[in-house]
Amino acid sequence: MAEEHTFDSTVDITDVECPVTFIKAKVSLDEMEVGQVLRIHMNGGKPLRNVPRSFLEDGQQLVALDENDDGTYELYVRRIQ
């Protein structure tokens, strides 16, 4: 079971393929204020490898990454810039 984390908004990217996964998540984060946290519900595989790395390269802060019982993941990203 995933740990509880505080977040301001959420986006589900389980219905899209890479590279759209990061694009959809980034658009959601860009709509938020600096300092807010976005929870991203995503699949494993390519999204798990690419989305966190892409946010780091974009200068954002990864707060947490939790695996759910169904094999999906919750990534928490704080908007830094």
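Residue indices begin at 1 and follow the sequence shown. Basis for what follows: all heavy atoms, side chains included, without hydrogens, waters or symmetry-related copies. What you see is a predicted model; the values in this text were computed from it and never measured.
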Show your reasoning for whether side-chain contact (heavy atoms from CB on, under 4.5 Å) applies to Val63 and Val77. CA-CA 5 Å; Val63 176; Val77 178; over 6 Å; no
Answer with yes or no whether the hydrophobic clustering places Tyr73 together with Ile23; edges join I, L, V, M, F, W, Y residues whose side-chain heavy atoms lie under 4.5 Å apart. no
Scanning both residues in full, the closest heavy-atom pair of Ala25 with Ile40 reads CB-CD1, 4.0 Å
Steps toward side-chain contact (heavy atoms from CB on, under 4.5 Å) verdict (Gln60, Leu38): CA-CA 11 Å; Gln60 308 307 332; Leu38 175 65; over 6 Å; no
Side-chain polar contacts of residues 45-52 - donor-acceptor pairs under 3.5 angstrom, sequence neighbours left out - could you list them?
| unit_1 | atom_1 | unit_2 | atom_2 | d |
| --- | --- | --- | --- | --- |
| Asn50 | OD1 | Arg53 | NH2 | 2.8 |
| Asn50 | ND2 | Lys46 | O | 3.3 |

How many angstroms lie between atom CZ of Phe55 and atom CD1 of Ile80, to the nearest 0.5 angstrom? 12.0 Å
Calculate, to the nearest 0.5 Å, the distance between atoms CG and CG belonging to Asp58 and Leu29 respectively. 7.5 Å
Begin with the C-alpha distance, continue with both residues' side-chain angles, and end with the deciding distance and a verdict on side-chain contact (heavy atoms from CB on, under 4.5 Å) for Thr21 and Lys26. CA-CA 9 Å; Thr21 50; Lys26 180 158 176 30; over 6 Å; no
Tell me whether the count of non-hydrogen atoms from other residues, nucleotides or ligands lying under 6.0 Å of CD in Glu33 goes above 12. no
Under-4.0 Å salt bridge between Asp15 and Lys24: yes
Under the rule for side chain to side chain contact (heavy atoms under 4.5 Å, CB included), what residues qualify as partners of Arg39, not counting sequence neighbours? Phe7, Thr10, Glu74, Tyr76
Where do His5 and Val37 land on the side-chain contact (heavy atoms from CB on, under 4.5 Å) test, with the steps shown first? CA-CA 10 Å; His5 298 285; Val37 175; over 6 Å; no
Check: Asp30 main-chain N/O paired with Arg79 side-chain donor or acceptor under 3.5 Å: yes
Can a donor-acceptor pair be found, under 3.5 Å and without considering hydrogens, that links the side chain of Asn43 to the backbone of Thr14? yes
